[in-house]
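The model shown is predicted, which means the values in this text are computed figures rather than measured ones. Start at 1 with the first residue, then count along the sequence. Worth knowing before you read on, the calculation uses all heavy atoms, side chains too, and leaves out hydrogens, waters and symmetry mates. Every number for a ligand or one of its atoms is a count from 1 in the order of the listing.
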Amino acid sequence: PFLASLLTHPTFIEGNCWTTFIDDTPQLFDLIGSQNRAQKLLAYLGDIAVNGSSIKGQIGEPKFKGEIIIPTLYDEAGQKIDVSQPCAKGWRHIILEDGPKAFAKAVRNYKGCLLMDTTWRDAHQSLLATRVRTVDLLNIAKETSHALSNLFSLECWGGATFDVAMRFLYEDPWDRLRKMRKLIPNIPFQMLLRGANGVAYASLPDNAIEHFVEQAKKNGVDIFRVFDALNDINQLEVGIRAVQKAGGVTEGTICYSGDMLNPKKKYNLPYYLDLVDKLVALDIDILGIKDMAGVLKPHAATLLVGSIRKKYPDLPIHVHTHDSAGTGVASMVACAQAGADVVDAATDSMSGMTSQPSINAILASLEGSDLDPGLNVQHVRALDTYWSQLRLLYSPFEAHLTGPDPEVYEHEIPGGQLTNMMFQASQLGLGSQWLETKKAYEQANDLLGDIVKVTPTSKVVGDLAQFMVSNKLSPEDVKARAGELDFPESVLEFFEGMMGQPYGGFPEPLRTNALRGRRKLDKRPGLFLEPVDFAKVRRELGRKFGGPVTECDVASYVMYPKVFEDYKKFVNKYGDLSVLPTRYFLSKPEIGEEFHVELEKGKVLILKLLAVGPLSENTGQREVFYEMNGEVRQVTVDDKK
Ligand code: 3PY
Ligand code: ZN
């Protein structure tokens with residue numbers, strides 16, 4: 001009724017003073033805006049009340065139903081720490097004031113071994129299918145700013161979070177970044193960048209990577225871990241140059257594969273040292289060692305880090321691992337002792353197995369030594385009480401891992417992928433095929449030439465493995481029938497060279513037979529891709545979605561055109577749901593249960609589900625009744641069941 005009376009207002013009908021009317025009465029439009037948002041939110045809440053959640057990958061309802069308790073932090077004197085403002089101390093000011101090189105130097109000169117906390121990115125990517133939402137990160141942000149102020153960095157963006165935020169959570173990843181940044185200005189933010197693949201699954205034009213990194217830096221990322229899934233230096237260089245141009249801290253990264261201690265394996269110490277030389281020649285600020293599958297055993301870690309340290313005494317070294325085989329803490333301690341400056345860990349209740357090793361286990365292991373990371377153990381534990389509740393809230397995305405997997409030394413499946421594949425196998429009722437799939441993964445890797453496996457090449461190996469299992473193909477069958485088999489698209493893209501060049505070359509004649517005349521790139525894909533015409537993209541987005549088009553929108557669209565479009569359509573229908581508490585995003589409230597949604601600062605909706613009406617035989621719909629800020633609101637919902 002309000003909107004109707006507004007639209008029939010004489011000022012509107014006359015139309016000639018439209019602009020001044022908006023300028024003079026902004027509060028009316030604010031009101032329309034929030035009424036509109038509230039109506040859209042109601043449409044989502046109504047739908048979930050009738051049809052349940054449609055979030056992909058969700059099984060069942062959250063195990064956590066109560067109010068999440070936010071921990072209180074105390075100082076040494078037992079006084080409550082005031083967290084209403086973020087902490088002022090932290091490493092980020094060095095980056096802001098003196099730049100990446102000075103930061104790298106300060107890190108190298110620090111006596112202890114610093115930590116990166118992966119809880120906000122890799123830990124939930126590896127354990128909970130990347131489903132942790134913005135609201136749950138923001139709710140613990142201020143406490144994190146205080147409790148972890150001496151972190152080297154908080155990994156909180158990039159990798160799969162970009163795609164999943166839009167595709168499955170209907171959130172804007174850029175908005176998440178800006179909001180986190182506001183609440184945590186003191187700790188450096190780190191992201192994972194897949195070199196010339198950006199945060200996508202195959203290479204993009206060079207100018208797309210540059211544009212993306214520029215936005216990431218502007219919106220709050222400080223440190224960029226740049227890797228390439230084949231350790232292809234030409235692909236790495238694209239990402240590294242983009243970060244340098246944007247003024248970010250460049251963490252040029254080698255991906256660790258195989259077993260350096262085994263002389264029969266393809267990737268050995270000279271291979272890694274050569275790669276480090278090439279990265280140093282690109283003037284990286286920090287060297288990253290990325291053990292994505294968790295196969296870097298402690299003795300290999302000592303040898304690898306020790307050798308690099310000896311050759312490059314001034315180069316900061318930052319090591320990443322997964323605890324899939326259960327050796328994570330031992331390996332990270334070995335790295336610290338061999339001269340690494342930073343190692344990765346996750347909060348306890350989000351650690352272990354396919355995630356990173358436990359932060360408290362690492363702190364305890366280094367306590368009393370020169371390598372102490374300089375964090376307050378009580379604060380770290382306090383934060384974990386939050387995450388232990390969150391883990392239960394996200395129980396619908398658990399893969400139910402039960403213990404370490406020593407077979408990781410054979411199949412080398414990266415942490416996140418291992419969880420995903422297990423989850424999928426159990427969802428499809430293929431639990432019994434799980435062992436077969438792991439074996440097939442190993443065989444697929446051999447067929448592809450024993451490649452480095454991490455996104456996107458790990459997907460190639462996984463797709464080929466699943467293809468072999470579902471078509472009952474042995475490695476010999478694949479080789480003999482390559483000319484006629486309908487390979488997954490990712491495998492063909494890999495063979496084409498769209499993910500770069502593998503060390504030792506492509507396997508022949510398998511590549512030629514599988515490609516059947518498709519192109520074969522022998523140089524990096526960026527040299528063949530048309531640069532993005534950004535003006536055209538802006539126009540296209542304006543036409544499609546109206547309103548102002550931001551550079552972040554452009555970057556999202558260039559990275560994931562279809563995902564971005566679907567996300568925009570969803571938001572158009574239901575509004576920005578990132579503000580809805582997770583429990584009500586994933587499941588309907590109990591009848592009569594009151595909950596709050598802060599649409600924007602100071603605009604809180606108090607909601608209560610009153611009733612779900614009977615099914616109308618004629619329309620196939622139901623009426624859902626909510627109380628919203630004391631008024632009864634009704635929404636009509638298609639019953640899809
Ligand atoms: C990613 O690329 O998302 C990864 O986490 C690789 O380890
Ligand atoms: Zn990882």
Side-chain angles (χ1 to χ4, degrees), residues 115-132 153-168 173 190-204 209 212 216 221 223-232 235-236 239 251 253-257 288-296 318-325 327-328 331-332 335 342-347 350-359 408 412-421 451-462 490 499-500 559-560 563:
L115 298 183
M116 171 167 97
D117 182 357
T118 64
T119 308
W120 293 35
R121 202 284 297 177
D122 204 358
H124 77 94
Q125 181 172 324
S126 298
L127 293 174
L128 299 172
T130 331
R131 294 300 197 270
V132 174
S153 66
L154 181 64
E155 193 197 29
C156 56
W157 213 68
T161 63
F162 192 86
D163 176 15
V164 172
M166 290 191 290
R167 194 193 293 257
F168 299 132
Q190 178 143 1
M191 80 161 282
L192 184 67
L193 185 74
R194 303 167 182 159
N197 308 322
V199 286
Y201 291 92
S203 292
L204 282 102
I209 303 297
F212 181 87
V221 175
I223 307 172
F224 295 74
R225 175 175 282 164
V226 186
F227 76 95
D228 177 69
L230 293 171
N231 280 334
D232 178 338
Q235 293 281 83
L236 274 161
E251 185 174 310
T253 298
I254 61 174
C255 295
Y256 180 82
S257 244
I289 300 175
K290 179 173 168 62
D291 172 25
M292 54 278 174
V295 293
L296 180 65
H318 180 178
V319 191
H320 174 73
T321 194
H322 288 253
D323 203 19
S324 309
T327 55
S331 290
M332 291 307 94
C335 287
V342 191
V343 298
D344 289 358
T347 194
M350 294 285 287
S351 74
M353 287 187 275
T354 52
S355 175
Q356 279 62 60
S358 130
I359 190 164
V408 75
E412 298 178 356
I413 304 176
Q417 190 181 26
L418 185 59
T419 318
N420 260 342
M421 287 174 73
I451 57 174
V452 177
K453 290 166 293 300
V454 60
T455 319
T457 55
S458 49
K459 181 172 177 329
V460 174
V461 181
S490 64
M499 294 167 200
M559 200 59 68
Y560 284 105
V563 175

At the Zn ion (ligand 2), what is the angle formed between atom NE2 of H320 and atom OD2 of D122, rounded to the nearest 10°? 90°
With the side chain counted from C-beta on, respond yes when D163 and V199 share a heavy-atom pair under 4.5 Å apart, and no when they do not. no
Which atoms of ligand 1 sit under 4.0 Å from any heavy atom of G159? 3 (O)
Min side-chain heavy-atom separation M332-V319 under 4.5 Å: yes
Kindly confirm or rule out an N or O of K290 lying under 3.5 angstrom from an N or O of ligand 1. yes
Near F227 (heavy-atom distance under 4.0 Å), the atoms of ligand 1 are 2 (O)
Measure the distance from atom 2 (O) of ligand 1 to every protein heavy atom, then report the residue, atom name and distance (to 0.1 Å) of the closest one. R194 NE, 2.8 Å
Number the atoms of ligand 1 from 1 as they appear, then name those within less than 4.0 Å of a heavy atom of Q125, with their elements. 1 (C), 3 (O), 4 (C), 5 (O)
Shortest non-hydrogen contact from V454 to P414? CA-CG, 4.1 Å
Output for pair (M499 CE, Y201 OH), nearest 0.5 Å, gives 11.0 Å
Give me the one residue out of T118, D122, T419, T354 that meets side-chain hydrogen bond (donor to acceptor under 3.5 Å, both in side chains) with H322. D122
Suppose I only count heavy atoms of A160 and a 4.0 Å limit; which atoms of ligand 1 are within that range? 3 (O)
With heavy-atom distances below 4.0 Å as the criterion, list the atoms of ligand 1 near V454. 6 (C), 7 (O)
Structural part of R121 in contact with ligand 1, heavy atom criterion under 4.0 angstrom: side chain
Starting from atom 4 (C) of ligand 1, locate the nearest protein heavy atom and write down its residue, its atom name and how far away it is, to 0.1 Å. L192 CD2, 3.3 Å
Quick check: do D344 and R225 have side-chain heavy atoms less than 4.5 Å from each other? yes
Drop me the distance from Y560's OH to L204's CG, to the nearest 0.5 angstrom. 9.0 Å
